[in-house]
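Working notes, beginning with the structure itself.
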Amino acid sequence: MDPVIAEQLGSSHPLARHLDDFLTDLANAGKSAHTRRAYRGDLIAFAAHHGEELAELTATPVRAFLAELAELSPASRKRKRAAVASFTKWAVRHDLLDANPMDRIDTVKVPKALPRPASAADVAKVLAVICSRRPRKETPLDRLRDRVLFETAYVGGARASEVCGLYVEDLDLRLDDEHVRIHGKGGSVRTVLLDDRSYVALLKLYLARAGYSAGPLFRASINGRGDPLSYDAAHHRWQRYCAQARVEIDIHQLRHAHATELINAGVSIEAVRRRLGHASTETTQLYALLDDKVADTEIRAARRRRDRAAH
C-alpha cells in the first residue's frame with residue numbers, strides 16, 4: 001500500500017485499499033507523478049471526511065466535503081472536486097459503485113484570470129544569483145544545473161515539471177537547428193526551437209561539465225547518477241534563489257513571462273500556442289488580453305502625467 005495513504009489514513013480505513021488501487025491504475029495509465037501526488041492528497045482529505053465503505057458513497061457526503069472548502073479559491077475547489085470525480089468514475093467502472101454520485105454535484109466554475117508574468121529584469125536577477133551565463137570553472141555543478149534548468153523553463157516557455165522530466169535524448173543541438181522535444185500534458189509532445197545562442201552555449205557547457213550523453217538531463221544527485229530532479233525539489237530551490245535575489249516570482253511565472261514577451265514582440269497567437277503546448281488558442285489569448293491591459297495602464301499613466309504637467 002502507498003506509504004502516505006497508510007500513514008495518514010491507516011491501512012484499515014474503508015477507502016484506503018481502493019485509493020491505493022486507483023493510484024496504481026493511474027500510474028499504469030502513464031499519469032505523471034505530480035498528478036498522482038495531487039490526487040492522493042485531495043483524496044486522502046476526502047477519505048478523512050468520509051469514513052464509510054465505498055459502496056455507501058452518495059452525493060450527500062461529497063457535498064458536505066466540498067462545503068468545507070468554501071474558503072478556498074474556485075480553482076482549488078475545482079481541482080479537489082475533479083479528484084473525487086475521477087475516483088468515483090473509476091469505482092463505477094470497477095463495479096465498486098452502482099452509480100456515480102458526482103453526476104448530482106454541479107461543477108465549479110473558475111473565472112478566467114489573466115496570467116501574472118514576471119518582468120524580464122526580475123527573472124534576470126534570480127538567474128544571476130544562481131550563477132553567471134559565463135560561469136567560473138569552480139562553479140558547483142548543481143548551481144550550473146539549476147541555472148540551465150530554470151533558464152530552459154524561461155526561454156522555452158515550458159512548465160517546470162516538463163523541464164524536470166527532460167532527457168538528454170530530447171535535445172538536438174546541431175548547429176542552426178537547435179531544438180528540444182518537450183513532453184507535455186496528456187502525452188503530447190512538442191518541439192521547441194532553442195534560438196538563444198547564449199543559452200545554447202550554457203546548455204552545452206553544462207552537458208560537457210556533467211558528462212551526460214544519455215538519461216535524465218537534470219539529475220537529483222550531483223554525481224551524475226540517479227533519477228531526474230523532482231518538481232518539488234526544483235520549486236524549493238527556486239524559492240531559495242528568489243529569496244536571495246529579494247524578488248518574489250512563482251516558478252510558473254517564468255512560462256508566463258516568456259509568453260508575454262512573445263506576444264509583445266508581435267508573434268502570432270497560434271505560434272505562441274504551439275510553443276507553450278496549449279490545447280486551444282483560447283488559453284493563449286489571455287496573454288494578448290494581458291498585453292492590452294498593460295497598454296491601457298500605460299496610456300492612463302501617460303494621461304495622468306500630461307494632466308499634472310498642464311496644471
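Throughout, numbering of the chain's residues begins at 1 and tracks the sequence.
- In this structure, F150 has its ring center no closer than 6.0 Å to that of F218.
- Between the side chain of W90 and the backbone N or O of D21 there is no donor-acceptor pair closer than 3.5 Å.
- The shortest distance between side-chain heavy atoms of V180 and T152 does not fall below 4.5 Å.
- Geometrically, R219 engages Y212 in a cation-pi contact defined by less than 6.0 Å to the ring centre and at most 45° from the axis.
- Atom CZ of R63 has more than 12 neighbouring heavy atoms from other residues, nucleotides or ligands inside a 6.0 Å radius.
- Between C131 and T139, the shortest heavy-atom contact is CB-CG2, 4.0 Å.
- No donor-acceptor pair under 3.5 Å is formed between the side chain of H183 and the backbone N or O of V189.
- P14 places none of its side-chain heavy atoms less than 4.5 Å from the side chain of L54.
- Here the side chain of E162 pairs a donor or acceptor atom with the backbone of R159 at under 3.5 angstrom.
- Between D250 and H235, the closest side-chain pair of non-hydrogen atoms falls below 4.5 Å.
- Without hydrogens or angle criteria, R143 side chain to I130 main chain gives a donor-acceptor distance under 3.5 Å.
- Taking CD from Q8 and CG from L19, the interatomic distance works out to 11.5 Å, rounded to the nearest 0.5 Å.
- Across V129 and A245, no two heavy atoms sit closer than the pair CG2-CB, 3.6 Å.
- L23 is not connected to Y231 by any chain of hydrophobic side-chain contacts under 4.5 Å among Ile, Leu, Val, Met, Phe, Trp and Tyr, and they are in different clusters.
- A donor-acceptor pair is defined here as one N or O able to donate and one able to accept, closer than 3.5 Å; no such pair exists between the side chain of R255 and the backbone of Y154.
- Here the side chains of I182 and D170 are not in contact, with every heavy-atom distance at 4.5 Å or above.
- For the pair R133/R147, a side-chain contact is recorded, criterion being any heavy-atom separation below 4.5 Å from C-beta on.
- L217 is not listed as a side-chain neighbour of C164, based on a closest heavy-atom distance of 4.5 Å or more.
- Atom NZ of K125 sits about 11.5 Å away from atom SG of C242, to the nearest 0.5 Å.
- Side-chain heavy atoms closer than 4.5 Å link hydrophobic residues (I, L, V, M, F, W, Y) into clusters, and following such links, possibly through other members, connects F87 to I105.
- Closest heavy-atom contact between V148 and Y199: O-CE1, 4.2 Å.
- More than 12 heavy atoms of other residues, nucleotides or ligands shown are found within 6.0 angstrom of CZ on R209.
- Shown here are the side-chain hydrogen bond (donor to acceptor under 3.5 Å, both in side chains) partners of H50, two or more places apart in sequence or in another chain: there are none.
- Around the CZ atom of R240, the shell of radius 6.0 Å holds more than 12 heavy atoms that belong to other residues, nucleotides or ligands.
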Might you work through the side chain to side chain contact (heavy atoms under 4.5 Å, CB included) test for V92 and L96, ending with a clear yes or no?
CA-CA 6 Å; V92 171; L96 300 171; over 6 Å; no
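- No continuous path of ILVMFWY side-chain contacts below 4.5 Å connects L69 to V108, so the two sit in separate hydrophobic clusters.
- One N or O on the side chain of T88 and one on the backbone of V84 form a donor-acceptor pair closer than 3.5 Å.
- Side-chain contact check for L203 versus L171: some heavy-atom pair is nearer than 4.5 Å.
- For NZ of K89, the number of neighbouring non-hydrogen atoms (other residues, nucleotides, ligands) closer than 6.0 Å is 12 at most.
- Nearest heavy-atom pair, A85 versus N100, reported as atom, atom and distance to 0.1 Å: O-ND2, 4.3 Å.
- In this structure, A233 and S230 approach most closely via the heavy-atom pair N-OG, 3.1 Å.
- Hydrophobic clustering (ILVMFWY, side-chain heavy atoms < 4.5 Å, transitive): Y206 and Y167 are in distinct clusters.
- Side chain of R81 to main chain of D106: a donor-acceptor pair is present (N/O by atom type, distance under 3.5 Å, no hydrogens or angles).
- When each of D2, D20, T35 is tested with R40 by the rule side chain to side chain donor-acceptor pair (under 3.5 Å), just one qualifies, namely D2.
- Within the model, atoms NZ of K31 and OG of S86 stand 7.5 Å from one another, a figure rounded to the nearest 0.5 Å.
- Ion pair R181/D172 not flagged as a salt bridge, since none of the NZ, NE, NH1 or NH2 atoms sits closer than 4.0 Å to an Asp/Glu carboxylate oxygen.
- Side-chain atoms of E178 never come within 3.5 Å of backbone atoms of L193 as a donor-acceptor pair (strictly under, hydrogens ignored).
- Dense packing is recorded around CD of Q239, with more than 12 heavy atoms of other residues, nucleotides or ligands lying under 6.0 Å away.
- Around CG of D177, the count of heavy atoms belonging to other residues, nucleotides or ligands within 6.0 Å exceeds 12.
- A side-chain donor-acceptor contact under 3.5 Å links H13 to the backbone of L15.
- Put simply, the side chain of E7 does not reach to within 4.5 Å of the side chain of V4, judged on heavy atoms.
- Side chain of R145 to backbone of P140: no donor-acceptor contact under 3.5 angstrom is found.
- Shortest non-hydrogen contact noted between A83 and L43 is O-CD2, 3.6 Å.
- Rounding to the nearest 0.5 angstrom, the gap separating the CG atom in L57 from the OG1 atom in T60 is 9.5 Å.
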